[in-house]
Amino acid sequence: MSAVLRDKRLLLPLGVTQLDAVLEIERQAYEFPWTHGNFIDSLAAGYVARVIYGERGEMLGYFIAMPGVDEMHLLNLTVAPAFQRQGHARFLLDELVAVCRERRAGQLWLEVRQSNERARALYLRYGFQSIGTRRGYYPASRATHPSGREDAAVMSLQVDLAEGGDALE
């Protein structure tokens with residue numbers, strides 16, 4: 001994939017040279033951010049990874065997804081806190097669905113913290129269905145979760161593999 005300019009946003013493959021900025025966004029966005037090693041391992045494994053920049057060159061967000069047989073698993077989609085609620089997450093989801101179509105991956109999966117109501121609402125609006133729960137999936141603060149773990153909602157999207165089709169079949 002080469003650089004794509006769309007809607008005043010620059011979309012690029014995510015690479016090692018961008019990890020310092022990505023890690024800064026991770027630390028700003030999450031109490032339990034991904035580590036440098038998580039990103040390195042994902043890139044080394046050849047996972048789908050994209051980053052978007054705004055018109056002033058600022059990093060807005062990124063995603064990493066793991067391809068599988070006829071499916072894709074979204075591992076991390078993050079928009080920098082200063083740029084949230086401006087359509088950037090939907091822009092990244094649109095790109096990921098386009099990648100799913102290219103790779104003939106008809107099912108897109110993800111886990112999201114039960115407490116992340118904004119993200120869950122975004123995914124539902126996008127067409128994802130909530131299909132289950134993974135108990136104790138995420139690390140969590142003992143102040144809010146005595147076990148130190150938080151459940152994840154498992155969500156899935158049927159991807160219309162026709163070029164330019166809606167996300168849902």
Arg118 vs Asn116, side-chain contact (heavy atoms from CB on, under 4.5 Å): CA-CA, chis, key distance, verdict: CA-CA 6 Å; Arg118 283 181 28 200; Asn116 193 342; 4.3 Å; yes

Can Ser130 and Tyr123 be counted as having a side-chain donor-acceptor contact under 3.5 angstrom? no

Sequence-distant partners of Trp109, ring-ring contact (aromatic ring centres under 6.0 Å, His included), two or more places apart: none

Contact between [X] and [Y] at the side-chain level, heavy atoms closer than 4.5 Å - yes or no?
X     : Y      : value
Leu96 : Arg50  : no
Asp94 : Tyr126 : yes
Leu14 : Val22  : yes
Val51 : Leu60  : no

What's the spacing between [X] [atom1] and [Y] [atom2] if we round to 0.5 Å?
X     : Y      : atom1 : atom2 : value
Thr35 : Leu23  : OG1   : CG    : 8.0 Å
Met72 : Cys100 : CE    : SG    : 4.5 Å
Leu93 : Phe63  : CG    : CZ    : 8.5 Å

Which pair of non-hydrogen atoms, one from [X] and one from [Y], has the smallest distance, and what is that distance?
X      : Y      : answer
Val112 : Ala119 : CG2-CB, 3.8 Å
Ala89  : Val79  : N-CG2, 3.7 Å
Ser42  : Ile64  : CB-CG2, 3.8 Å
Ala152 : Tyr138 : CB-CE1, 3.4 Å
Leu43  : Ala49  : CD2-CB, 3.8 Å
Val154 : Glu111 : CG2-CG, 4.2 Å

Please assess Arg120 against Glu117 for the test salt bridge (Lys or Arg N to Asp or Glu O under 4.0 Å), listing each intermediate value before the final yes or no. CA-CA 5 Å; Arg120 287 187 17 241; Glu117 294 177 15; 5.3 Å; no

Please evaluate residues Glu24 and Met59 with respect to the criterion side-chain contact (heavy atoms from CB on, under 4.5 Å), reporting the C-alpha separation (whole Å), side-chain torsions for both, the decisive distance (0.1 Å), and the verdict. CA-CA 10 Å; Glu24 181 55 33; Met59 184 180 286; over 6 Å; no

Can you pull out every salt bridge (charged side-chain N to carboxylate O under 4.0 Å, His left out) where at least one residue sits in residues 144-158? Sequence neighbours excluded, please.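 Of all non-adjacent pairs touching residues 144-158, those that pass salt bridge (charged side-chain N to carboxylate O under 4.0 Å, His left out) are Arg113-Glu150, Arg135-Asp151.
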
Audit row: Leu108, Phe128, side-chain contact (heavy atoms from CB on, under 4.5 Å) steps and yes/no: CA-CA 9 Å; Leu108 177 56; Phe128 282 84; 3.6 Å; yes

Of Glu26, His88, Gln18, which meets side-chain hydrogen bond (donor to acceptor under 3.5 Å, both in side chains) against Tyr62?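 Output: one option passes, namely Glu26.
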
Please evaluate residues Trp34 and Phe39 with respect to the criterion side-chain contact (heavy atoms from CB on, under 4.5 Å), reporting the C-alpha separation (whole Å), side-chain torsions for both, the decisive distance (0.1 Å), and the verdict. CA-CA 7 Å; Trp34 270 28; Phe39 284 101; 3.4 Å; yes

